[in-house]
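Below, chains carry the letters A, B, ... as their sequence lines are ordered, and counting in each starts from 1.
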Number of protein chains: 2
Amino acid sequence: MLLSKSCMYGLRASVQLAGMKGNTYVTIRELSEDLDISFFFLTKVLQRLTQAEILESYKGPNGGVRLLKHPGEVTFLDVVTAIDGSCTLSECALGLPGCGVMKPCPLHDQWSILKENILEMMQNVTIAELARRNSGKQGLDGFMYYLKI
Amino acid sequence: MLLSKSCMYGLRASVQLAGMKGNTYVTIRELSEDLDISFFFLTKVLQRLTQAEILESYKGPNGGVRLLKHPGEVTFLDVVTAIDGSCTLSECALGLPGCGVMKPCPLHDQWSILKENILEMMQNVTIAELARRNSGKQGLDGFMYYLKI
DNA sequence: ACATTTTAAGACACACTACTCTTAATTCTA
DNA sequence: TAGAATTAAGAGTAGTGTGTCTTAAAATGT
Ligand code: SF4
Ligand code: SF4
């Protein structure tokens with residue numbers, strides 16, 4: 001699996017938040033129900049996004065989490081690195097000690113291109129764009145489309 | 001990490017074997033020392049390749065493992081699937097339940113192309129080709145180049 | 001002040017990967 | 001036939017990711 005489950009959950013939550021009108025606090029309980037993710041686990045994941053200053057949290061009644069930055073300025077990669085650390089793409093094909101550009105493994109030329117493509121996509125796609133693509137499917141809001149039925 | 005350690009080790013061993021003259025049995029002990037991999041762990045990994053009929057093993061003195069097929073007919077993907085099962089690429093970006101072509105997630109169009117590129121590379125690159133690219137580096141055989149110095 | 005709502009933080013269990021070691025089975029050689 | 005070499009199979013350990021729960025802290029409203 002390229003991305004960890006924590007990452008996927010964080011992405012789903014971020015996109016869901018980006019797709020909501022206004023930027024009010026949403027409870028993690030509500031998010032977890034909409035996205036069909038364990039409340040306890042999602043709480044842990046979103047704490048990392050809060051620490052990374054991608055989300056902002058507020059305790060107490062009417063509290064919850066919300067996006068701290070404009071969704072157009074938060075990239076797919078931002079969320080992934082906030083959760084999984086500096087990306088799962090650091091090592092790769094043969095995982096040789098001390099490999100790299102100076103000492104490329106026999107797959108490096110091809111592999112580094114593929115890796116670059118993935119990284120580029122992650123850097124170019126914002127959660128605002130994902131939310132936009134995700135809106136208005138069969139009248140169901142956001143990810144409900146996938147989960148219901 | 002895209003590939004498991006077991007996979008990387010299996011690939012390194014396969015490429016090393018493909019790069020050797022003749023197709024004689026090589027002891028796992030020797031392979032483990034050349035590739036700087038734990039003997040015990042490499043034994044486990046290579047057992048899977050033997051079960052998958054990519055390698056052939058022979059017990060006793062002068063025994064060891066060797067390639068069963070011609071290295072030009074064993075792809076990168078063959079080795080990966082033999083070890084990690086039907087590939088780490090099955091799920092991906094958002095890992096939504098019931099997603100896919102009919103119900104694409106907001107990243108599917110871009111992501112499926114990247115995924116296809118990786119799969120294509122894995123299917124097109126044989127261990128013979130990797131061994132060829134890996135030969136004759138600074139006079140050191142195969143992966144010794146990376147490990148020594 | 002007090003009860004309620006909500007996130008934060010930490011402890012815990014489970015599964016899986018990575019790794020280690022022991023024993024059994026097979027084969028060769030003397 | 002005895003002993004050494006070698007892989008096969010299985011048990012055991014450590015660490016990490018995933019998931020659950022409990023307690024603490026903060027904010028609200030009465
Ligand atoms: S040489 Fe390049 S492709 Fe090969 S393992 Fe290192 S970073 Fe990856
Ligand atoms: S819709 Fe496509 S890209 Fe998205 S998670 Fe499913 S298979 Fe992956």
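Taking atom CG on L31(B) and atom C1' on dA5(D), their separation rounds to 16 Å, with Å as the unit. The nearest whole Å value for the distance from the CE atom in M8(B) to the P atom in dC19(C) is 10 Å. Rounded to whole angstrom, the span from the CD atom of Q47(B) across to the P atom of dT26(C) amounts to 14 Å.
Scanning both residues, V26(A) and L31(A), for their nearest heavy atoms gives CG1-CG, 4.1 Å.
For the pair S4(A) and dG17(D), the criterion of a side-chain N or O lying under 4.0 Å from OP1 or OP2 is not met. When the side-chain nitrogen and oxygen atoms of S6(A) are compared with OP1 and OP2 of dT18(D), one or more of them lie within a distance under 4.0 Å. Residue T43(B) has no polar side-chain atom (N or O) positioned under 4.0 Å from OP1 or OP2 of dT7(D). Using a 4.0 Å cut-off, some side-chain N or O of S57(B) falls inside it from OP1 or OP2 of dA8(D). Side-chain nitrogen and oxygen atoms of T27(B) include none within less than 4.0 Å of the OP1 or OP2 phosphate oxygen of dT7(D). Within the 4.0 Å cut-off from OP1 or OP2 of dA8(D), not a single side-chain nitrogen or oxygen of Q51(B) is found.
Distances from the side chain of F41(A) to the nucleotides dA18(C), dT18(D), dT6(D) place dT18(D) closest. In the set dA8(C), dC19(C), dT28(D), the nucleotide with an atom closest to the side chain of K59(A) is dA8(C).
When each of G60(A) and Y9(A) is assigned the nucleotide of DNA chain D bearing its nearest heavy atom, the one mapping closer to the 5' terminus is Y9(A). Judged by closest nucleotide on DNA chain C, T50(A) is the one of T50(A) and F40(B) placed further toward the 5' end. Comparing I28(B) and K44(B) by the nucleotide of DNA chain D whose heavy atom lies nearest to each, the residue mapping closer to the 5' end is I28(B).
Across all strands, E30(B) comes closer than 4.0 Å to no nucleic acid atom at all (heavy-atom distances). The residue Y58(B) sits close only to the backbone: its heavy atoms come under 4.0 Å of sugar-phosphate atoms, none of a base.
To the nearest 0.5 Å, atom CG of residue L55(A) and atom CZ of residue R48(A) are 13.0 Å apart.
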side-chain contact (heavy atoms from CB on, under 4.5 Å) for L67(B) and I127(B)? Distances and angles first, verdict last.
CA-CA 11 Å; L67(B) 292 168; I127(B) 58 173; 3.8 Å; yes
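Under the 4.5 Å side-chain criterion, counting only non-hydrogen atoms from C-beta, R133(A) is in contact with L107(B).
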